[in-house]
Amino acid sequence: MNNNMNYLDTLNPAQREAVTDDQHNLLVLAGAGSGKTKVLTHRIAWLIHQQQISPYAILAVTFTNKAAHEMKDRVEKLIDMPTNGMWIGTFHSIAHRLLRMHWQNANLPETFQIIDSEDQYRLIRRIMKNLNLDEAAWPPKQAQWYINKQKDEGIRPKSIIESQDLFQQTMLKIYAAYEKACQQSGLVDFAELLLRSHELWLNNPELLNHYAKRFQHILVDEFQDTNTIQYAWLRMLVNEKNKIMIVGDDDQSIYGWRGAKIENIHQFEKDFSNTSTVRLEQNYRSTGNILQAANAVISGNYNRLGKNLWTQAGKGEPISLYAAFNDRDEARFITNRIITWTQQGNKACECAILYRSNAQSRVLEETLIQANLPYRIYGGTRFYERAEIKNALAYLRLMINRNDDPALERIINLPTRGIGNTTLTLIRQTARTNNFSMWQACQHLIKNDSLTTRSQNNLLTFLDLINTMDPRSTDRVGDDTQQAITNELPLHELTEHVLTCSGLLEYYKKDKSEKSLNRRENLTELINATKEFDVEDESTSPLTSFLTHAALEAGENQAESHSDCIQLMTLHAAKGLEFPVVFLTGLEEGLFPHQMSMDSVEKLEEERRLCYVGITRAKQKLYLTYAHTRMLHGSEMCRQPSQFLRAIPNECLEEIAGASRLSSGQARAVPLQIPRPISYKKRSVITETSCGNFKVGQTVSHNKFGEGIILNFEGNARVQVNFKKFGTKTLDLNYAKLS
DNA sequence: TGTCCGAGTTTTTTT
DNA sequence: AACTCGGACA
C-alpha cells in the first residue's frame, strides 16, 4: 500500500516507461518472459495509486480465464484491496456482462443463455436436417466453421450478398436459419457474445458514450490474439479522452484458426492516435540456450515486427533431444527423467509435459500412472463439458427458459420416458411449421390431441416434471413470462432437487459399470460446485450466474489441487505459463507441425510460433522428444522428425542416446520387438530419414533375415535395420533386397 | 419404443 | 481407439 515507489524500482527502464506513460496510447511489444503481466498489473496499480484513477474507471481485458484470474490476483496484491467490481476479465465475459446489463438494447430476452461449441454443433446439425441437407455432402463442422468465421468478421446473414456459388448459398441458408433459431430460443454462442456487444454500442451511441467516458484507461493483454470484431469493439471505445495500452507479441500469435488477426497489432499505430511503442526484449525467464533455440526457430517466419530477446543469464544446460522408438518409449523416457529430477530433491510440479494435441496425453498418462507419479492435466474434456454434466445443466436451463430447444432435445428422453423418435419428429415438425419452440409445440400437440394416448401421457409426464421441478411454479403449465427465477431455493438444493426428480441420478445408478460410477461422482461434484459457487454478479439470479460460469469457464477437468503434480497440457494451454523443466513432445512432421497446417505458409508459420511458445515456457531445462513410430488413429504410424528441430543450432543441443533405457527397467512392458539400443552419433536421423522408397521406422522384409525395422540410413546407400530374429545389421541398399 | 450390434468415420489448437 | 449412426430385433 505504501510501497508505491518501491514497486516501480523493480522495473527495468523499458518496463517503467510502459507503466508510467500518461501521454500516449501505448503499444507494448513484449517478448516471451519479458515481464508482460508485470507491466500490466503494475500499470493498474500505478494508475490507482499515483494517478488517483478510480478502479472503476479501468477496463482490463485478457484472452483466457487463466490470464484474467492471474491478473486479478496480482493486482489485488499490489493495490492491497479486492478487485471486486473492477472490470477485469476476458473479452467474452465482459461482453456477456454488457449483454446482461443491457439485454433490452441488445434485443435479447432477459433469460438468454450461452451455448458452447458442442451445443452449437448439435443445433446446426438439427437445422441442417430440417433443411434436408445431406450430412455427407455438407459436413456440419464446416457449416459451424463458416458461421463462426462470419461472426468473427462481424458479418450477419443479411449483409451477405447472394452468390451463384452453391457452397456460399448453402452456407448462407444454414447461417440464416441458425441465427433465427438462436434468436427464437434466446441462445447466444461465443462469437455472438462479441458480435452482439459490438452491435450494442453501434446501435446505442448513448451507451457507448457512457462507457467511453467511464473507462479512462483500457488495457489489453495478448493483443496479437484479437479478432476483427474485438478490434472494432476496442476502437469504438477509445476516443480522444481516454487511453489504451495494448500488450502483445506477434511471435506468440497462435489463434489464427479462431479468427485472430496478427495484423491488428500492426494496424494499431495507424488506427489509434498519438501512439507510442515500447519494446520489452530482456527475458527474465529462460537460459541462453533455450532463448537461442527459440530465436532460431522463430526466425524462420517472415513479416515479423522484429525483436530480439536477450538474457543476462548464462547459457545454462544444453537442450536435450531424445529420439524415441515409439510413443511409449517417449513417455517412459520422460517419466524416468522426472523421477531423476524429483530424486534430486526437486518438485514434480516444476515439470510440464507439453503436446500439440490432446490425444497425445493418453500414453503419457498411462505411463505416469504405472510409475505412480501424480499428474494434473489441463484441457481435454473439461468438467462442464462432460455429457452427464451437460445433461444436468440442460434441466437447469429449462428451468429458466422453456424455449431452450437444444436443452430440451438433450433430455426429453433422458432418462428414457417413452418419448421416442416418432413423437420427437412430430414435435420438431410442429415447432417448425408454427414457428414454435419445441416446448410450445409439445403443448400444442397435447391440446389438439394429436398423439396416441400412450405418447400423450408420456409427454405430459415430461412437461409436468419440468414444471413441478421449477421452484417458481405452482401449477403454471408453460407460460412464457420470462421473469427471473426467484431465489427461494439455494442453488445447490435446487440442483440436488433437479437431479433427483429428473431421475438422472437414478439413471446413472442403474448401470454398475466403472464409467457410470464415474458419472455419478461427477454429478455429486456438480452439487458441490453449486455449493461453493459464489455469485460474483448480484444483478442476475444465482442460477443464471452459475450457468454462465459453466459455459464461459468450462472448468478444469480435475478438481483444483495445489499438490505437487506433474503438469500436462497442450501447447495452446501453456501460453502465459512457465516451468523450470519442460518436455516438448511429439516433434514429428504431421503432428507438430500438424498435418492440417502443412498446406499453407500462413498455417505453418502459426505452428512455428506455437513451437516458439513451447520452447520459451522453459526456465532451466528443455527436453525435445519425438518418436519413430506412434499409435495414431488406432494404428501404428511411422514418423519423421519435425522440421522445427532442424532449425535449432547444434551448439545448444545435446542428443541423448535413443532407446538405451528401453532394455533397462521395464523390459516386460514392451517385449521382444524392441530393437537393441540405438545410438545415434551425430544428428544423422534428422538429416536423413529416408532413402529411395524406404523410411526410418518402416517395417521391411529381407529374404535371409526376415522382418525388421529400419533404424537409420548411413550415407546414401547403406541402411541400418533391426531384425526381429537377427538384431541390427547394416546393409547396402544396392545389394540387399529389401521389401 | 427401446436396445443392441456392427459398420463406418474420424481426429488441432479454445472462448 | 472412440465415436456416431442406422438397422434389426425384442
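Computed from heavy atoms alone, side chains included, the values below leave out hydrogens, waters and symmetry copies.
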Send over the distance from [X] [atom1] to [N] [atom2], rounded to a whole Å.
X: E118(A); N: dT4(C); atom1: CD; atom2: P; value: 9 Å
X: K149(A); N: dT15(B); atom1: NZ; atom2: C1'; value: 16 Å
X: Y121(A); N: dC3(C); atom1: OH; atom2: C1'; value: 11 Å
X: I419(A); N: dG2(B); atom1: CD1; atom2: P; value: 8 Å
X: R417(A); N: dT1(B); atom1: CZ; atom2: C1'; value: 15 Å
X: D152(A); N: dT14(B); atom1: CG; atom2: C1'; value: 12 Å
X: L591(A); N: dT13(B); atom1: CG; atom2: C1'; value: 12 Å
X: R122(A); N: dC3(C); atom1: CZ; atom2: P; value: 13 Å

Minimum side-chain heavy-atom gap L632(A)-M637(A) below 4.5 Å: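 A side-chain contact exists here, since the closest heavy-atom pair is under 4.5 Å.
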
Axial cation check for Y121(A) ring with K141(A), 6.0 Å and 45° limits: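 Yes, a cation-pi geometry.
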
By the 4.0 Å heavy-atom rule, please label [X] as base, sugar-phosphate, or nothing.
X: F91(A); answer: nothing
X: N413(A); answer: sugar-phosphate
X: L194(A); answer: nothing
X: T423(A); answer: sugar-phosphate

If the cut-off is 4.0 Å, is [X] near the phosphate of [N], judged by side-chain N/O to OP1 or OP2?
X: R258(A); N: dT12(B); answer: no
X: S597(A); N: dT13(B); answer: no
X: N358(A); N: dT14(B); answer: yes

As a test of reading the structure: which of [options] is closest to the side chain of [X], going by heavy atoms?
X: E607(A); options: dT15(B), dT12(B), dA1(C); result: dT12(B)
X: F190(A); options: dT1(B), dT15(B), dT14(B); result: dT15(B)
X: H572(A); options: dT1(B), dT13(B), dT15(B); result: dT13(B)
X: S455(A); options: dT1(B), dT15(B), dT14(B); result: dT1(B)
X: T422(A); options: dT1(B), dT12(B), dG2(B); result: dT1(B)
X: T416(A); options: dT12(B), dG2(B), dT14(B); result: dG2(B)
X: Y255(A); options: dG2(B), dT14(B), dT15(B); result: dT14(B)

Nearest-nucleotide comparison on DNA chain B, the residue closer to the 5′ end among E606(A) and T452(A):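 With E606(A) and T452(A) compared, the 5'-side residue is T452(A).
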
Flag for T548(A)-S545(A): side-chain donor and acceptor within less than 3.5 Å: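 The answer is no; no qualifying pair exists.
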
W257(A) over dT13(B), stacked by centroid distance under 5.5 Å, angle under 30°: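 Per 5.5 Å and 30° rule: yes, stacked.
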
Centroid distance under 5.5 Å and plane angle under 30°, H594(A) vs dT12(B):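 The ring of H594(A) is stacked on dT12(B).
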
Presence of salt bridge, R410(A) and E118(A), under 4.0 angstrom: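 Salt bridge between E118(A) and R410(A), a charged N being under 4.0 Å from a carboxylate O: yes.
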
salt_bridge(D119(A), R397(A)) N-O dist < 4.0 Å: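 Yes, this pair counts.
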
Centroid-centroid under 6.0 Å between F112(A) and W103(A) rings: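 Judged by ring-centre distance (under 6.0 Å), F112(A) and W103(A) do not meet the cut-off.
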
